[in-house]
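Positions are given from 1 along the sequence.
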Amino acid sequence: MTTTQSTRRRIVGTSLKMYFDIPSTSTYIKAVARLSDLASQNNIDLFVIPDFVSLTSSKQTLRDTSIILGAQDTFWESKGAYTGEVSPLTLAQAGVGLVEIGHAERRRLFHETDEEVGKKAAAAITNGITPLVCIGEKSKPGPGVSQAVGMAVSECSTQVAAVLSAVPPSAEIVFAYEPVWAIGAAEPASADHVVAVTQELRRLIAKSNRDGQVRILYGGSAGPGTFLGLKDGVDGLFLGRFAHDVRNLEKVIMEMSQ
């Protein structure tokens, strides 16, 4: 049974990447915690993804909230001789409910492949964690909109297929559509482009006959004012630097409540 747009809960959140230190992360998580009631009252799932070192203290801060704690990566095995990697079992024990996988930076800097991203998604699900899988095309669209959409869908569909083939049909998945060229840019991708690409990706996902809920976020210079133009294609936003000011995160939640 496919989940319809009207029954999928909207979802929004941010990853702090490696911008914050321990004290500033603690201050930020406390500020985000105060948005829990606002998100819950509007049936919006709110998540925050700090660094690994801050996970346990962040969980303590968020213990009486509805906010989902996320992690920035995981390994594809739960135990073993994998020095420096982070086990999905350990993340689950630390209270992590969502794990970011396959971000463009990790694909570029650490050469992560689609196969590895799929294996990580499967390991997360095995340990009761929802994978938030980042996908996106590298090439910036030119003047031909339909051609640009087709190229984006072609590149993203390979990334999506690698995950869908690796995880059970009943598993919940969140895809974050982040055109690589829009990450850190002055402006997000155009609404027409994002909606066209994500609607086509939904059609491809529907053909896989999944039982589990699949939601799609937009990320890539997203901030206040972005969601309303994209709501026909996405279920929410994966925010970057704009969310470092919690007031912007609050504004986005209010916009998504409309």
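Between the side chain of Thr14 and the backbone N or O of Ala243 there is no donor-acceptor pair closer than 3.5 Å. A donor-acceptor pair is defined here as one N or O able to donate and one able to accept, closer than 3.5 Å; no such pair exists between the side chain of Trp181 and the backbone of Lys138. No donor-acceptor pair closer than 3.5 Å links the side chain of Glu255 to the backbone N or O of Pro224. Panel note: side chain Thr90, backbone Val86; no donor-acceptor pair is recorded below 3.5 Å. Using modelled atom types, one side-chain atom of Arg63 and one backbone atom of Gln60 make a donor-acceptor pair closer than 3.5 Å.
A salt bridge is absent between Asp235 and Arg9; no separation between the charged side-chain nitrogens and carboxylate oxygens falls under 4.0 Å.
Membership of the apolar cluster around Phe110 extends to Leu109, as traced through chained side-chain contacts below 4.5 Å between ILVMFWY residues. With a 4.5 Å cut-off between side-chain heavy atoms of Ile, Leu, Val, Met, Phe, Trp and Tyr, the cluster of Ile22 takes in Val53. Hydrophobic side-chain contacts under 4.5 Å tie Leu217 into a cluster, directly or through other members, with Ile11, Phe47, Ile49, Ile68, Leu98, Leu132, Val174, Phe238.
Both Tyr218 and Ile44 belong to a single network of hydrophobic side chains, linked directly or stepwise wherever heavy atoms of I, L, V, M, F, W or Y lie under 4.5 Å apart. At a threshold of 4.5 Å between side-chain heavy atoms, the hydrophobic network of Ile, Leu, Val, Met, Phe, Trp and Tyr places Tyr82 and Leu89 in two separate groups. Ile135 and Val180 fall into different hydrophobic clusters, where Ile, Leu, Val, Met, Phe, Trp and Tyr residues are linked whenever their side-chain heavy atoms come under 4.5 Å apart, directly or through other members. Residue Phe227 is not grouped with residue Ile183 when hydrophobic side chains (ILVMFWY) are merged at heavy-atom distances under 4.5 angstrom, including chains of intermediate members.
Note: Met256 CE to Leu38 CG = 11.0 Å, rounded to the nearest 0.5 Å.
Annotation: salt bridge (Lys or Arg N to Asp or Glu O under 4.0 Å) contacts involving residues 116-126, sequence neighbours excluded, comprise Asp73-Lys120, Glu112-Lys120. Sorted by first and then second residue, the salt bridge (Lys or Arg N to Asp or Glu O under 4.0 Å) pairs involving residues 161-189 (not counting sequence neighbours) are Glu172-Arg215. Sorted pairs that involve residues 156-167 and meet side-chain hydrogen bond (donor to acceptor under 3.5 Å, both in side chains), not counting sequence neighbours, are lacking altogether. Contacts classified as salt bridge (Lys or Arg N to Asp or Glu O under 4.0 Å) and involving residues 10-37 (residues at least two apart or in different chains) are given here: Lys17-Glu105.
When the ring pair (Phe, Tyr, Trp, His ring centres under 6.0 Å) test is applied to Phe175, no partner is found at least two apart in sequence or on another chain. The side chain to side chain donor-acceptor pair (under 3.5 Å) test applied to Ser54 returns Asp51, not counting sequence neighbours. Remark: Phe52 pairs with no residue by the ring pair (Phe, Tyr, Trp, His ring centres under 6.0 Å) rule, at least two apart or across chains. Residues meeting the side chain to side chain donor-acceptor pair (under 3.5 Å) test with Ser78, sequence neighbours left out: Asn127. Every residue was checked against the ring pair (Phe, Tyr, Trp, His ring centres under 6.0 Å) condition with Phe242, not counting sequence neighbours, and none meets it.
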>> I'd like to know whether Arg8 forms a salt bridge (Lys or Arg N to Asp or Glu O under 4.0 Å) with Asp45, so could you lay out the CA-CA distance, the side-chain angles of the two residues, the decisive distance to 0.1 Å, and finally the verdict.
In response: CA-CA 10 Å; Arg8 291 192 302 268; Asp45 289 332; over 6 Å; no
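The 12-atom threshold is exceeded at CD of Gln93, counting heavy atoms of other residues, nucleotides or ligands nearer than 6.0 Å.
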